[in-house]
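All ligand and atom numbering here is 1-based and tracks the order in the structure. As the structure is a computational prediction, the values presented were derived from the model and not from experiment.
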Amino acid sequence: MDKFKNLMRILLIEDEPKTVQSLKLSLEENGFEVDIAYDGDLGSTLARKNVYDVIISDIILPHKNGYEIVKELRNLGSVTPIILLTALSSLDEKLRGFDAGADDYLVKPFELKELMARIKVVTRRTNGVQISYKKMQFEDLELNLDSKTVIRGGKQIILTAREFGLLECLMKNQGRVMSKEELLDKVWNMDSDVTTNVVEVFMNLLRRKIDKDYPQKLIYTIYGMGYVMKIN
Ligand code: CA
């Protein structure tokens, strides 16, 4: 749990004192700072007033239920990850939670380990989104990671999923020479049937779309080493 050492802040909205006490203690032992709200009204107020890394909320609460809290926060534009806790385990309940805008859902009783794993996943997800991942720019080339669109010099370029993956990878590493093996590993993941020749093929396709019609080239071959995104 090293990742949590730099104090993450959690809001726990739960009306059952026993659950609150044990969860608070366990979360604090894992390096979280925990605020508690024993009812939905207070929970929602705290969530709007403070910045949290994660909100963990029960569904059935006094004054305002978990769904309402999630909906309210999402309507206000909050992207804070929210995990709903509940004793109800029907699919309908689950869908209702996701529909309201919850990131995850945990059925009581659960193991602390499971909650920690979920926290890890939902916080990683939003960190990725919030930190400049949505849009990347290099010179006149713009990548939108949400809509998966590419624009160069104001003109949209249509890429396949692999081409987009390659471009994204080069762009995240601009100025750094990436070997074919590294690109293969990052863009094709574990697919062992694929060889580095495939990287070459896709790189050619990509360059035809990104660079061919433009005087300023953005992708360069460094012979014997790999590829790099840069300007000369
Ligand atoms: Ca409850």
Under 3.5 Å donor-acceptor pairs involving side-chain atoms of residues 7-15, not counting sequence neighbours:
from, atom 1, to, atom 2, distance (Å)
Arg9, NH2, Asp35, OD2, 3.2
Glu14, OE1, Lys108, NZ, 2.9
Glu14, OE2, Glu16, N, 3.0

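With respect to the salt-bridge test (charged N to carboxylate O, under 4.0 angstrom), the residues Asp211 and Lys217 do not qualify. Here Arg176 pairs with Glu182 in a salt bridge; the nearest charged N to carboxylate O distance falls below 4.0 Å.
Around the Ca ion (ligand 1), the protein contributes the following N, O or S atoms at distances under 3.0 Å: Asp15 OD1, Asp58 OD2, Ile60 O.
Every residue two or more places apart in sequence or in another chain that forms a side chain to side chain contact (heavy atoms under 4.5 Å, CB included) with Lys180 is listed here: Thr196, Val199, Glu200, Tyr227.
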Go through Leu218 and Lys230 one step at a time and tell me if the side-chain contact (heavy atoms from CB on, under 4.5 Å) criterion holds. CA-CA 5 Å; Leu218 302 177; Lys230 61 169 187 173; over 6 Å; no
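Chaining together hydrophobic side chains whose heavy atoms lie under 4.5 Å apart places Met225 alongside Val177, Tyr220, Ile222, Val228.
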